[in-house]
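In what follows, every heavy atom counts, from backbone to side chain, and hydrogens, waters and symmetry copies are set aside. Along the sequence shown, residues carry numbers from 1.
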Amino acid sequence: MKHGVVLDPLEILKLLSSKPIVVGLAITGAIFTILPNLLSRRPTVDNFTIDDDSGSRDGTRSTWEKLANKIGYWLMGLSVFLFIVAGFIVDL
């Protein structure tokens with residue numbers, strides 16, 4: 001006889017689409033997306049330009065910057081998906 005707690009799929013979706021989870025994923029994703037830009041763009045007198053929107057020094061991004069961006073966008077996408085799921089679950 002098993003004594004573990006078993007949640008049905010609907011209860012799991014309700015838990016995952018709760019407001020703290022959705023907002024937490026969105027904020028974490030935003031931090032992952034912003035972090036590479038904050039760390040790679042250190043303006044100095046030599047490289048400071050007003051209209052520079054290249055995102056990096058030579059137009060290429062390092063591997064960790066690409067990975068951080070991908071993780072950030074995945075987390076924000078998951079947050080949006082769970083927000084939509086929460087809208088449908090409310091009606092059940």
Kindly work out whether a path of hydrophobic side-chain contacts (I/L/V/M/F/W/Y, heavy atoms less than 4.5 Å apart) joins Leu7 to Val85. yes
Would you indicate whether Trp64, at its atom CH2, is surrounded by more than 12 heavy atoms from other residues, nucleotides or ligands within a distance under 6.0 Å? yes
Shared ILVMFWY cluster between Phe88 and Ile12, side chains joined below 4.5 angstrom? no
The reported gap from CD1 in Ile89 to CG in Leu82 (rounded to nearest 0.5 angstrom) is 8.5 Å
Enumerate, atom names and distances included, each donor-acceptor pair closer than 3.5 Å involving a side-chain atom of residues 14-27, sequence neighbours excluded.
{"residue": "Ser17", "atom": "OG", "partner": "Leu13", "partner atom": "O", "Å": "2.7"}
{"residue": "Ser18", "atom": "OG", "partner": "Leu15", "partner atom": "O", "Å": "3.0"}

Ile71 meets the side chain to side chain contact (heavy atoms under 4.5 Å, CB included) criterion, sequence neighbours left out, with Phe32, Leu67, Leu75
Quick check for you: to the nearest 0.5 Å, what is the distance between Ile31 atom CD1 and Met76 atom CE? 11.0 Å
Is the backbone N or O of Ser62 less than 3.5 Å from a side-chain atom of Glu65, with the two atoms forming a donor-acceptor pair by type? yes
Residues which pass side chain to side chain contact (heavy atoms under 4.5 Å, CB included) with Asp91, listed by chain and number, not counting sequence neighbours: none
